[in-house]
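The structure appears below as structure tokens.
Letters A, B, ... mirror the listed sequences (proteins, then strands); counts begin at 1. Computation of the quantities below employed the complete heavy-atom set of this structure, encompassing side-chain atoms and omitting hydrogens, waters and symmetry-equivalent molecules. Keep in mind the model is a prediction, meaning the values are calculated, not measured.
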Amino acid sequence: MERSEQELVRRENLQKIRDLGIEPYPAATFPVTHLAADIKANVQEDAEGKVTNFQEVTLAGRIMSRRVMGKASFANLQDSSGRIQLYVSRDDIAPGEDKSLYNDLFKKYLDLGDFIGVSGFVFKTRTGEISVHVKEFTFLSKSLRPLPVVKTDDEGNVYDAFSDPELRYRMRYVDLTVNPQYKEIFRKRSRLITAMRSFLDDLGLMEVETPILQPIHGGAAARPFKTHHNTLDVPMYLRIANELYLKRLIVAGFDGVYEFAKMFRNEGMDRTHNPEFTAVEFYVAYKDYDWMMTTCENLLEHAVGAVNDGNTKVRVGENEIDFKGPYRRLTMADAIMEYTGENIRGADEAALRDICKRLHIEVDDTMGRGKLIDEIFGEKVEGHLIQPTFIIDYPIEMSPLTKKHRSEEGLVERFELMVNGKEVANAYSELNDPIDQRERFEDQLKLAERGDDEAMAMDEDFLRSLEYGMPPTAGIGIGIDRLVMMITGQTSIQEVLFFPQMKPERDGQAEADDDNDDD
RNA sequence: GAUUCCUUAGCUCAGUUGGCUAGAGCAUCUCACUUUUAAUGAGAGGGUCCUGGGUUCGAGCCCCAGAGGAAUCACCA
């Protein structure tokens, strides 16, 4: 493999460090005592501006810039919290006759991106920069590739930004090193999940894990990834949902379960879809979808607040969205009435086709009543729902796992939470009548025969579990990635995933394309 | 899947109607310098112009095909 001049120089420097008798990849624990950001935030000074605390600190991180001026140097050290300036003078780190630690190691063999550890005291330079006056300096790890050097001036102008999305996503380690501002997105993601988990724990639910490799892909309408188990010699699918397994656990006698689950869908990729994504689903016995709406409001208000220092408002593009409950509740029919003026209550399939025609919505023959309503909603309503809004009471045809509405014929007890024009959560009073459930699966099979490739497959074991009896149950799924996008103001799902799916890098392809046909 | 645009040094980018040896800043290398700050001064090196064809006396530039990427649309309960 061809190496650039800079990579060759770094390999030479690596050898020269060894020649000095210094191990460039030492094994021992390095006793870090402080983080850059903590020092900068908590520094104290006396009346003359002299720093009075942090007189013995030890930090470690990458060297991100170095300005040598003869026998003294300035450098920036970046640790997990941020950057701090180092002041390194020759006679401090190399007090004896041998000045090689400074003249050779620090000035010549140290490259940008190398990890070092330093000990010293905190002071302020003439220009007022909080800095560490280094007394001891330890080499911790060599970087053999040059990092992009991104600089920002006092006015916030960024120079030589490492901004190519492809390179950023392919080499996230480089991205987050030189663009540490993006770390905040992932910290928020982590805090959001932590807050949700503690909310669900406090609710008395139990965190569980269910199979990712499934013999039947159920619980959602989507194309799966197919694989094969060699010993069993059977096809397996990566789960498109975990819903049917969580309900089996309600049958089993757990009153409340939740799972943060990776889902896999073999569909298109764009800025709101990644082939694998994360959802949290939870199911609670003896509750209904009304209870779940209130719980969902409380959960999101709590979680968004926890991420945003108590503030439930987030800005997404033009819009400010407030996750403080209660949220507006609007039936599907009323929502369509409000945004199109069309009345879908009691409309049969032919009437719905007429409505679609009037609204200039393209439909095809495979679409049943439920799908037609979904098209109208998706085309004409969804995008208008900016503030958190519960859309409730869906047509039965598009909800094969949902209990029939307690009072409205042809509807089911289902809601979706719409935020910023996108679906964020989907929930229902779970269908627990096994005979009804079997009929719904059979209806799905008919849709499949009609050509609907998203129709659900029959799951006999799931039906068997329902036949043993499942208590009335409310369940919900909440898409974590899209929620993180909203609370971090990102418009692309790739920005909230550490390692979004990418096409293979050049050279690494040539795999045969085998079809992932199901059934 | 469709349309449009993009791919030039480690990074960010110029590159004229098609014309000498393809440029700049940062990074790298050499020398000088003990409180500097995106960028100290002086000097030097560094290129598969995405790939493969074609047109031409001559291609980074024009044409064809391909790869990768971005945006918009379609699809995605």
Quiz item: So which of A/Asp334, A/Leu330, A/Thr331 actually passes side chain to side chain contact (heavy atoms under 4.5 Å, CB included) with A/Asp393?
Solution: A/Thr331

Quiz prompt | 5'-to-3' dot-bracket of RNA chain B (Watson-Crick, G-U; under 3.5 angstrom; crossing pairs as [ ]; | other strand) | solution = (((((((..((((.....[...)))).(((((.......))))).....(((((..]....))))))))))))....

Exercise. Test the A/Arg438-A/Phe441 pair against the cation-pi criterion, namely NZ or CZ under 6.0 angstrom from the six-membered ring centroid and within 45° of the ring axis.
Key: no

Practice problem: Establish, yes or no, whether the cationic atom of A/Arg168 lies under 6.0 Å from the six-membered ring centre of A/Tyr182 and within 45° of the ring axis. | Solution: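 Because its charged atom sits under 6.0 Å from the ring centre and within 45° of the axis, A/Arg168 does stack over A/Tyr182.
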
For the side chain of [X], starting at C-beta, report the closest nucleotide among [options].
X	options	answer
A/Lys151	B/G69, B/A77, B/A38	B/A38
A/Ala220	B/G69, B/C11, B/A77	B/A77
A/Glu166	B/G68, B/C29, B/A70	B/G68
A/Glu423	B/C75, B/A70, B/A77	B/A77

Between [N] atom [atom2] and [X] atom [atom1], what is the distance in whole Å?
X	N	atom1	atom2	value
A/Phe162	B/A9	CZ	C1'	16 Å
A/Asn13	B/G10	CG	C1'	15 Å
A/Tyr169	B/G68	OH	P	18 Å
A/Glu267	B/G1	CD	C1'	14 Å
A/Leu417	B/A77	CG	C1'	16 Å
A/Leu167	B/U12	CG	P	7 Å
A/Glu12	B/U28	CD	P	15 Å
A/Glu382	B/C75	CD	P	12 Å

With [atom1] as the reference atom in both, quote the distance from [N] to [M] in angstrom, rounded to an integer.
N	M	atom1	answer
B/G46	B/A24	P	13 Å
B/G19	B/G15	C1'	14 Å
B/A2	B/A74	P	16 Å
B/U56	B/C61	P	16 Å
B/U16	B/C62	P	9 Å
B/U30	B/A70	P	39 Å
B/C64	B/U21	C1'	30 Å
B/U7	B/U12	P	12 Å

What pairs with [X] under ring-ring contact (aromatic ring centres under 6.0 Å, His included), at least two apart in sequence or on another chain?
X	result
A/Phe121	A/His133
A/Tyr102	A/Phe106
A/Tyr339	A/His384
A/Phe415	A/Phe390

Give each protein N/O atom lying under 3.5 Å from an N/O atom of nucleotides 42-46 of chain B, with the pair distance.
from  : atom 1 : to     : atom 2 : distance (Å)
B/G45 : N2     : A/Glu5 : OE1    : 2.6

Practice problem: Under 4.0 Å between any heavy atoms, over every strand shown, what does A/Gly128 touch: base, sugar-phosphate, or nothing? Just pick one. | Solution: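 Nothing, no nucleic acid heavy atom in range.
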
Quiz item: With a non-hydrogen cut-off below 4.0 angstrom, is A/Arg271 in contact with a base, only sugar-phosphate, or nothing?
Solution: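 The answer is sugar-phosphate, as A/Arg271 gets under 4.0 Å only of primed atoms, P, OP1 or OP2.
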
Self-check item: Test salt bridge (charged side-chain N to carboxylate O under 4.0 Å, His left out) applied to A/Lys446 - qualifying residues, sequence neighbours left out
Solution: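 A/Lys446 satisfies salt bridge (charged side-chain N to carboxylate O under 4.0 Å, His left out) with A/Asp443 only.
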
Quiz prompt | Ionic contact status for A/Arg170 with A/Asp175, cut-off 4.0 Å | solution =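 Not counted as a salt bridge, because no side-chain N and carboxylate O are separated by less than 4.0 Å.
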
Self-check item: Residues A/Asp459 and A/Arg248 bridged, charged N to O under 4.0 Å
Solution: yes

Qualifying residues under side-chain contact (heavy atoms from CB on, under 4.5 Å), relative to [X], sequence neighbours excluded:
X	answer
A/Met69	A/Phe74
A/Arg18	A/Leu14, A/Gln15, A/Glu23, A/Pro24, A/Tyr25
A/Gln181	A/Asn179
A/Pro146	A/Gln6, A/Glu7, A/Arg10

Quiz item: Any donor-acceptor pair under 3.5 Å between the side chain of A/Asp160 and the base of B/G25?
Solution: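 Such a pair exists between side chain and base.
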
Exercise. Could you check A/Ser492 against A/Tyr428 and say which one's nearest nucleotide on RNA chain B is further toward the 5' end?
Key: A/Ser492

Exercise. Using the closest heavy atom to pick a nucleotide of RNA chain B for each, name whichever of A/Met456 or A/Arg66 lands nearer the 5' end.
Key: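 Closer to the 5' end of RNA chain B: A/Arg66.
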
Practice problem: Using a 4.0 Å heavy-atom cut-off, write out nucleotides 31-36 of chain B from 5' to 3' as B (base contacted by protein), S (sugar-phosphate only) or - (no contact). | Solution: --BBBB

Exercise. Kindly say if A/Arg414 contacts the phosphate of B/A77, meaning a side-chain N or O under 4.0 Å from OP1 or OP2.
Key: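 The answer is no; no side-chain N or O of A/Arg414 sits under 4.0 Å from OP1 or OP2.
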
